[in-house]
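Report on one structure; see the data block that follows.
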Amino acid sequence: MTNTAHAHDGRSPRLLIVGPQGSGKGTQAARIGEIFGIPAISTGDVFREHIKGETDLGLQVKAVIENGDLVSDELTFEVLRDRLNQGDTGHGFLLDGFPRNLAQVSLLDGFLVPRDEAIDAVIVLDVARTVSIDRLTRRAFEQGRTDDTEEVIANRLSIYERETEPILDVYRERGIVDLIDGVGSLDAVTDRIVAALEARGIARVAAA
Ligand code: AMP
């Protein structure tokens, strides 16, 4: 078999999940990864692990992340490329938190195109800014997340609106965007995402 299989034939779905912080995308990414049998890859999680482990990379990105700013495109892409080159991505993957801006869309295309691969669907979790702020403030309180002060939350949401939302136009032109209402129970939102992906012919793994 070649590596040209695309999701519409039911194999190797390559997916993105996009949404503002507080949209629940991390939680939904993990669920969708499991349902479709593909690894959910979060660049934010990779960075957080490095920070926790106090690696060179972790020390390098700590301040940027704590301010709610974006890590450089080059460094983030290096981290992502290393992750995508691991063996478990052969049956597809779900990227959570990448690409975050137009330059990263180009970097991802530059990685996939020579491999004759493409993103099959972009799940966009739609939640109002007030809902995001509410959820983030609660999570910061509950989990003691130092990167979630009120100022940092506002900064992250502004960056999302300014840098990340424009990438959706690129994917809309490709006809691969599924806008999902992100308000409701976790299960309800997961069901909406699964239905949208199945409507594209992307098959979930058989129930155990
Ligand atoms: P997340 O968990 O996706 O919200 O990511 C946490 C933080 O990691 C972000 O606020 C950024 O500082 C950094 N980060 C994660 N993904 C990226 C990316 N694609 N580009 C730049 N910075 C990123």
Side-chain angles (χ1 to χ4, degrees), residues 1-19 24-62 65 70-101 103-125 164 167 170-171 174 176-178 180 186 190 193-194 196-208:
M1 196 172 89
T2 68
N3 63 357
T4 56
H6 288 306
H8 42 261
D9 59 12
R11 290 166 289 156
S12 303
R14 297 181 185 89
L15 313 174
L16 306 181
I17 185 162
V18 181
K25 80 183 159 61
T27 307
Q28 294 298 337
R31 290 173 154 225
I32 295 303
E34 199 160 312
I35 291 169
F36 288 87
I38 52 178
I41 298 171
S42 156
T43 40
D45 278 353
V46 176
F47 286 139
R48 276 185 287 274
E49 272 162 33
H50 278 276
I51 291 173
K52 215 193 275 160
E54 296 184 339
T55 66
D56 284 349
L57 173 65
L59 295 174
Q60 208 177 331
V61 300
K62 188 170 193 279
I65 290 183
L70 293 184
V71 176
S72 77
D73 297 333
E74 292 72 21
L75 194 54
T76 307
F77 183 64
E78 218 172 281
V79 161
L80 178 73
R81 196 183 43 209
D82 285 351
R83 181 64 190 83
L84 285 177
N85 280 328
Q86 287 173 26
D88 64 343
T89 59
H91 297 292
F93 52 76
L94 169 60
L95 302 188
D96 162 11
F98 193 100
R100 258 330 207 260
N101 57 31
Q104 294 184 7
V105 171
S106 299
L107 287 167
L108 183 59
D109 283 344
F111 176 84
L112 294 173
V113 170
R115 298 157 67 112
D116 200 16
E117 295 175 1
I119 297 300
D120 300 293
V122 180
I123 302 153
V124 181
L125 279 186
T164 307
I167 76 171
V170 175
Y171 292 121
R174 297 183 194 174
I176 55 172
V177 170
D178 287 314
I180 305 292
L186 283 181
T190 304
I193 298 172
V194 170
L197 294 176
E198 286 185 333
R200 289 185 180 278
I202 297 172
R204 54 191 297 168
V205 292

How long is the straight-line distance from CZ of F36 back to CG of L197, given to the nearest 0.5 Å? 4.5 Å

Judged by atom type as modelled, is there a donor-acceptor pair below 3.5 Å linking the side chain of D178 to the main-chain atoms of I123? no

Heavy-atom check, side chain of L108 versus side chain of L95, under 4.5 Å: yes

So I32 and V194, do their side chains get closer than 4.5 Å, heavy atoms only? yes

Minimum side-chain heavy-atom gap I38-P13 below 4.5 Å: yes

Could you list the residues that satisfy salt bridge (Lys or Arg N to Asp or Glu O under 4.0 Å) with D73, not counting sequence neighbours? none

Non-hydrogen side-chain atoms of L70 and T76 separated by less than 4.5 Å: no

Looking at L16 and P99, what are the two nearest heavy atoms and their distance? CD1-CD, 3.7 Å

Y171 side chain near V105 side chain, heavy-atom distance below 4.5 Å: yes

Could you tell me if the side chain of H50 sits less than 4.5 Å from the side chain of V61, heavy atoms only? no

Value rounded to 0.5 Å, distance of CZ in F93 from CD1 in I119: 4.5 Å

Would you check, one step at a time, whether the test side chain to side chain contact (heavy atoms under 4.5 Å, CB included) holds for L57 with L75? CA-CA 9 Å; L57 173 65; L75 194 54; 3.8 Å; yes

Within a strict 4.5 Å, meaning less than it, do heavy atoms of the F77 and V71 side chains meet? no

Would you name the heavy atoms of I17 and A29 that are closest together and state the gap between them? CG2-CB, 4.0 Å

Evaluation steps, side chain to side chain contact (heavy atoms under 4.5 Å, CB included), between S42 and R48: CA-CA 10 Å; S42 156; R48 276 185 287 274; 4.3 Å; yes

Are T89 and I41 packed together at the side-chain level, in the sense that at least one heavy-atom pair is separated by less than 4.5 angstrom? yes

With sequence neighbours left out, the residues meeting salt bridge (Lys or Arg N to Asp or Glu O under 4.0 Å) with R174 are D109

Can you tell me how far the NZ atom of K25 sits from the CD1 atom of I193, to the nearest 0.5 Å? 12.0 Å

Any residue meeting side-chain hydrogen bond (donor to acceptor under 3.5 Å, both in side chains) with T190, in chain and number order, not counting sequence neighbours: Q28, R31

Run the side-chain contact (heavy atoms from CB on, under 4.5 Å) test against D56 and tell me which residues pass, sequence neighbours left out. none

Which atom names give the shortest non-hydrogen contact between S12 and G90, and what distance separates them? OG-O, 3.4 Å

Interatomic spacing from CG in L15 to CZ in R200 - rounded to 0.5 Å: 10.0 Å

Once you round to the nearest 0.5 Å, how far does CD1 of I202 lie from CG of D120? 5.5 Å

Quick one: side-chain hydrogen bond (donor to acceptor under 3.5 Å, both in side chains) partners of R83, sequence neighbours excluded? Q86, D88

Which value, rounded to the nearest 0.5 Å, describes the distance between E74 atom CD and R81 atom CZ? 11.0 Å

Just jot down the side-chain hydrogen bond (donor to acceptor under 3.5 Å, both in side chains) partners of T27, sequence neighbours excluded, or say none. none

